[in-house]
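Beneath this line is the structure, given in structure tokens, with notes to follow.
So you know, we letter chains A, B, ... as the sequences are listed, proteins then strands, and number each from 1.
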Protein chains: 2
Amino acid sequence: MNPDALRGHMDALLLSVLEREPLHGYAIIEALLERSGGALNVPTGTVYPALRRLERIGYLSSEWATVGGRKRRTYRLTDSGRKQLEGERSAWQEFTSVIGSVLRAEAAQIPR
Amino acid sequence: MNPDALRGHMDALLLSVLEREPLHGYAIIEALLERSGGALNVPTGTVYPALRRLERIGYLSSEWATVGGRKRRTYRLTDSGRKQLEGERSAWQEFTSVIGSVLRAEAAQIPR
DNA sequence: TACCTACATATAGACAGCCTACATGTAGAC
DNA sequence: GTCTACATGTAGGCTGTCTATATGTAGGTA
């Protein structure tokens, strides 16, 4: 998956994965991998900063927990984040529709 | 349309618009606007550098023409560019499929 | 005449997000 | 003692899109 293609869609992916339950960063990466059938292997250097950014904006909140001697920072959707996810979903629809319409435009030859 | 979302898809859009016939930059912008139903208004500061980049890579070739006293640089797909367009189209399919699968994953609640 | 709009190309510099690479540490298996 | 999986984090690089600006022609109109 071309990294540039992900640009601007990372937020939607992260919010979406957190919709059904709170998760910590590492688990989020695994969830993305699983849900995408192995296609989305997002590096930690992408995910952790993105999560912090989303928390700073107010779409996520986080709290630390220790499980099996390991520290986890668990993120959960805020109300604002849940609302944003709705917006991201419709933006995605719009986006694919628009780009798709350009890419699919049949190469109708001008008659001569 | 969020600019970041376009990232990594601009090439596909430009190549696609040039598939049926050679066009100059200004006409390409209009073609994108038309094909997208008015949704894709790409600024000149994006298109012109992108076209040059695609030419440098070898996907496009260009030549100057004067029409009605105005100078145009007309771009056309090379064989390499036509092949690349195929790749871009399948990459787009893959991309939408993967992101879509993550976004659409129903928020199945854990029973309690 | 002066002005405005559409046509047409181009570049400099800002911006932002994703990446690679690295650092740090625990737990458990072998 | 070493390796892998688990787990978080940051610095700095890269690159493509954007804003803003510059330049110029053609044609309409006040």
Donor/acceptor link under 3.5 angstrom from A/Thr44 side chain onto base of D/dA7 | no
Separation of B/Asn41 atom CG from C/dA6 atom P, in whole Å?
-> 13 Å
Starting from the 5' end of DNA chain C, give me the residue, A/Arg70 or A/Asn2, whose nearest nucleotide shows up first.
-> A/Asn2
Give the nucleotide from the list C/dC18, D/dT8, D/dT17 with an atom nearest to the side chain of A/Thr46.
-> C/dC18
Closest nucleotide of DNA chain C for A/Gly68 versus for A/His9: which of these residues is on the 5' side?
-> A/His9
Measure the distance from CZ on B/Phe95 to P on C/dC18 and round it to the nearest whole Å.
-> 11 Å
Going by an N to O cut-off under 4.0 Å, is there a salt bridge joining A/Arg72 and A/Glu63?
-> no
Whole angstrom is fine here: how far is it from CZ in B/Arg72 over to P in D/dA26?
-> 13 Å
Could you state the atom-to-atom distance from CG of B/Leu6 to C1' of C/dG17 in whole Å?
-> 15 Å
For A/Arg53 and C/dC18, is the shortest distance between a side-chain N/O and OP1 or OP2 below 4.0 Å?
-> yes
Which whole-number value in Å describes the distance from B/His24 NE2 to C/dA10 C1'?
-> 14 Å
Ranking C/dT20, D/dT17, D/dG9 by distance to the side chain of A/Pro43, first place goes to C/dT20
If you check every side-chain atom of A/Met10, which of C/dC7, C/dC18, C/dA10 has the closest atom?
-> C/dC18
Separation of D/dG9 P from A/Arg56 CZ (nearest whole Å) = 14 Å
Any donor-acceptor pair under 3.5 Å from B/Thr66 side chain to B/Gly69 backbone | no
Proximal nucleotide (of D/dT25, D/dC6, C/dT9) relative to the A/Glu30 side chain = D/dC6
Ring geometry between B/Trp92 and B/Phe95 (parallel below 30°, tilted from 30 to 60°, perpendicular above 60°) | tilted
Can you tell which of B/Met10, B/Arg82, B/Glu86, B/Glu88 makes a side-chain contact (heavy atoms from CB on, under 4.5 Å) with B/Leu15?
-> B/Glu88
Rounded interatomic separation in angstrom, taking CD from A/Glu63 and C1' from D/dT8 = 17 Å
May I have the distance from A/Arg52 (atom CZ) to D/dA11 (atom C1'), rounded to whole angstrom?
-> 14 Å
Looking at every strand, decide which applies to B/Gly45 at a 4.0 Å heavy-atom threshold: base, sugar-phosphate, or nothing.
-> base
Report the residue (A/Trp64 or A/Asp4) whose heavy-atom-nearest nucleotide on DNA chain D is the more 5′ of the two.
-> A/Trp64
Taking the side chain of A/Pro49 as heavy atoms from C-beta outward, which of D/dC18, D/dT8, D/dT10 is closest to it?
-> D/dT10
Minimum-distance nucleotide (side-chain atoms of B/Arg7 versus D/dC6, C/dA6, D/dG16) = D/dG16
Nearest-nucleotide check on DNA chain D, B/Val42 vs A/Ile29; residue mapping nearer the 5' end is A/Ile29
Considering only side-chain heavy atoms of A/Tyr48, which listed nucleotide, D/dT17, D/dT10, D/dC6, is closest?
-> D/dT10
Using side-chain contact (heavy atoms from CB on, under 4.5 Å) as the criterion, point out the one residue from B/Leu54, B/Leu18, B/Asp79 that pairs with B/Tyr59.
-> B/Leu54
Side-chain atoms of B/Tyr26 come closest, of C/dA6, D/dC18, D/dT10, to C/dA6
Is a side-chain donor or acceptor of A/Arg89 paired with a backbone partner of B/Leu103 at a separation under 3.5 angstrom?
-> yes
